[in-house]
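These notes concern the structure reproduced below.
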Amino acid sequence: MAVRKVPARGSVKIVEVGARDGLQNEQGIVSTETKIELIERLSGAGLRHIEAGSFVSPKWVPQMADTPQIHTHLNRHPPTAPVPVTYSYLTPNMTGLTSYLSTPAPIPTTTNQQQHTSEIAIFASASEGFSKQNINCTIAESLGRFRPVVERAREQGIPVRGYVSMIIECPYDGPTPPAKVADVVEALLKMGCYEVSLGDTNGVGTPGTIGTLVNYLIKDRKLPAEKLAAHFHDTYGQAIVNCLVALEAGIRTFDSSVAGLGGCPYSKGATGNVATEDLVYFLEGTGVSTNVDLQKIVEIGDWISGVLGRRNDSKVGTALMARRGAAKL
Ligand SMILES: CC(C)(COP(=O)([O-])OP(=O)([O-])OC[C@H]1O[C@@H](n2cnc3c(N)ncnc32)[C@H](O)[C@@H]1OP(=O)([O-])[O-])[C@@H](O)C(=O)NCCC(=O)NCCSC(=O)C[C@@](C)(O)CC(=O)[O-]
């Protein structure tokens, strides 16, 4: 049987979103200490890009209300991680950006601490229905709100990432036309986002639909693959194979969530992102280096699932923990 091989060109970037996309959907409030421990353990496992919270309305997403404290803590306590870390925060408007900017600046690092940086992310939708539900405005209005946020951030030298949600299908509007996704991605890149993450928010995409979309974006609309990221939820169990399709199309940035934590408060039934453990196992097994310590991620996934009292949604995490348990018998 012929073995399918993906050429490992360049390095792969993993954006760990468990502390934001993962925890925003938890029913009970997760303590600030737990969130900080999660973030610090993730950086200790080699993850260099960690989404740490959202400067959004606490009335809309109460779970993220302590983001200012988390941002302050991370600025005051640089990680003793093996690599420099970039923390990112969602900021939907100027209120969010002002709050982000009012956090005390990072303190200088000591010799055993890594220099870290932070950045912001704006989040748009390719469907009007989700835009209304998620950020209470139309797509056009959202782009109008993001423009001054990006301008101000860039004036201050803060990189801005973009998201586009509901790239395949929206629970409110039905299938999303690929041209609509391309229009919003283009608008965000033109505005100044250095990268745009493609959100299959409810995880309905398949290799067929994701493949059609990413090829349309890259080949037909000439959007640069190096400025696109894959943000695939695993609701229908398609996330890993969709990551393979994205990798083959030239995308090199993948968002993932330890233990597959998460969902979206405004997309009923959506489960978490592809689990970081599953993504790392898949990439390394495909010959793509991640520089992430799989064993440590598996332990973190097991730990946070226990703390939250939820099922570990990583297949790799569950398998490796079971193997470890069996070895102890
Ligand atoms: C965008 C808004 C604020 C608009 O909400 P709004 O009600 O239209 O906003 P407003 O400007 O009219 O303000 C209403 C109140 O909110 C306050 N407010 C206003 N802005 C902020 C802010 N930044 N931080 C804190 N407070 C804020 C503001 O001060 C005011 O307070 P009040 O006078 O009533 O006391 C709201 O809809 C919101 O916060 N939505 C949260 C959306 C969210 O976090 N969704 C989950 C993340 S997106 C996602 O998961 C998808 C993604 C990214 O993962 C990709 C994928 O999977 O596809």
Side-chain angles (χ1 to χ4, degrees), residues 15-26 51-69 71 88-103 120-127 129-139 141-146 148-149 152-153 160-173 176 181 184-185 188 193 195-205 210 213 228-235 239 242 253-257 260-274:
V15 180
E16 166 63 48
V17 298
R20 193 281 302 171
D21 204 348
L23 298 184
Q24 72 182 10
N25 211 37
E26 282 298 311
E51 209 168 60
S54 303
F55 287 94
V56 296
S57 164
K59 287 183 192 148
W60 283 66
V61 186
Q63 196 62 259
M64 294 288 110
D66 58 354
T67 294
Q69 289 93 292
H71 186 28
S88 58
Y89 300 90
L90 299 193
T91 56
N93 51 20
M94 285 304 282
T95 310
L97 179 64
T98 306
S99 183
Y100 165 86
L101 290 173
S102 63
T103 304
I120 61 161
I122 53 176
F123 48 107
S125 169
S127 79
F130 183 69
S131 187
K132 269 277 180 209
Q133 291 291 325
N134 194 38
I135 49 175
N136 203 24
C137 60
T138 64
I139 298 170
E141 284 165 347
S142 75
L143 297 175
R145 284 180 196 176
F146 296 148
V149 173
R152 175 91 194 278
V160 185
R161 186 175 209 234
Y163 279 101
V164 180
S165 290
M166 299 298 171
I167 58 165
I168 301 296
E169 193 179 301
C170 169
Y172 310 103
D173 297 357
T176 308
V181 180
V184 181
V185 173
L188 293 176
C193 291
E195 171 178 289
V196 176
S197 183
L198 303 168
D200 180 15
T201 318
N202 40 7
V204 294
I210 293 285
L213 176 68
L228 299 177
H231 180 100
F232 299 153
H233 285 252
D234 202 24
T235 317
N242 289 341
T253 301
F254 297 90
D255 299 356
S256 64
S257 175
L261 293 179
C264 177
Y266 300 103
S267 175
K268 264 205 175 7
T271 62
N273 281 88
V274 62

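Values below: all heavy atoms of this structure, side chains included; hydrogens, waters and symmetry mates excluded. Order of appearance sets the numbers: ligands from 1, and atoms from 1 within every ligand. Being a predicted model, the structure only gives us computed values, none of them experimental.
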Between [X] and ligand 1, does any nitrogen or oxygen pair lie at a separation below 3.5 Å?
| X | value |
| --- | --- |
| L90 | no |
| P92 | no |
| N136 | yes |
| Q24 | yes |
| F130 | no |

Report yes or no: do D255 and S197 form a side-chain donor-acceptor pair below 3.5 Å?
->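 Result is yes, a qualifying pair exists.
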In ligand 1, which numbered atoms sit nearer than 4.0 Å to a non-hydrogen atom of [X]?
| X | answer |
| --- | --- |
| V61 | 41 (C), 43 (C), 44 (O) |
| N93 | 3 (C), 19 (C), 20 (N), 21 (C), 22 (C), 23 (N) |
| F123 | 42 (C), 43 (C), 48 (S) |
| G96 | 23 (N) |
| Y163 | 53 (C), 55 (C) |
| P58 | 25 (C), 26 (N) |
| H233 | 57 (O) |
| K59 | 32 (P), 34 (O), 35 (O) |

Please find the pair of heavy atoms, one from [X] and one from [Y], that lie closest to each other, and give the distance.
| X | Y | value |
| --- | --- | --- |
| L97 | A153 | CD2-N, 4.1 Å |
| T253 | L228 | CB-O, 4.0 Å |
| T235 | N202 | OG1-O, 3.0 Å |

For S99 and T95, indicate whether the former's side chain and the latter's backbone hold a donor-acceptor pair under 3.5 Å.
->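 Flag not set: sc S99 to bb T95 has no pair under 3.5 Å.
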Option set [options], criterion heavy-atom distance to [atom], minimum:
| atom | options | value |
| --- | --- | --- |
| atom 40 (N) of ligand 1 | D255, I167, N134 | N134 |
| atom 55 (C) of ligand 1 | S165, G199, A124 | S165 |
| atom 2 (C) of ligand 1 | T201, N202, T91, I135 | I135 |

Which bit of Q133 gets closer than 4.0 Å to ligand 1, counting heavy atoms only: side chain, backbone, both or neither?
->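 No part of Q133 is near ligand 1 at this cut-off.
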Hey, is H231 touching ligand 1 through its side chain, its backbone, both or neither, going by heavy atoms under 4.0 Å?
->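 The answer is the side chain.
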Of V196, V15, I122, I120, which is the lone residue that meets side-chain contact (heavy atoms from CB on, under 4.5 Å) with R161?
->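 Filter result, single survivor: V15.
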Could you state the interatomic distance from [atom1] ([X]) to [atom2] ([Y]), rounded to the nearest 0.5 Å?
| X | Y | atom1 | atom2 | answer |
| --- | --- | --- | --- | --- |
| E169 | T201 | CD | OG1 | 11.5 Å |
| L261 | D21 | CG | CG | 9.5 Å |
| N93 | S142 | CG | OG | 11.0 Å |

Parallel, tilted or perpendicular for Y89 and Y100, by the 30°/60° rule?
->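 Tilted: the ring planes of Y89 and Y100 meet at 30° to 60°.
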Cation-pi between R20 and F123: NZ/CZ under 6.0 Å from ring centre and within 45° of the ring axis?
->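 Negative - R20 is either too far from the ring of F123 or too far off its axis.
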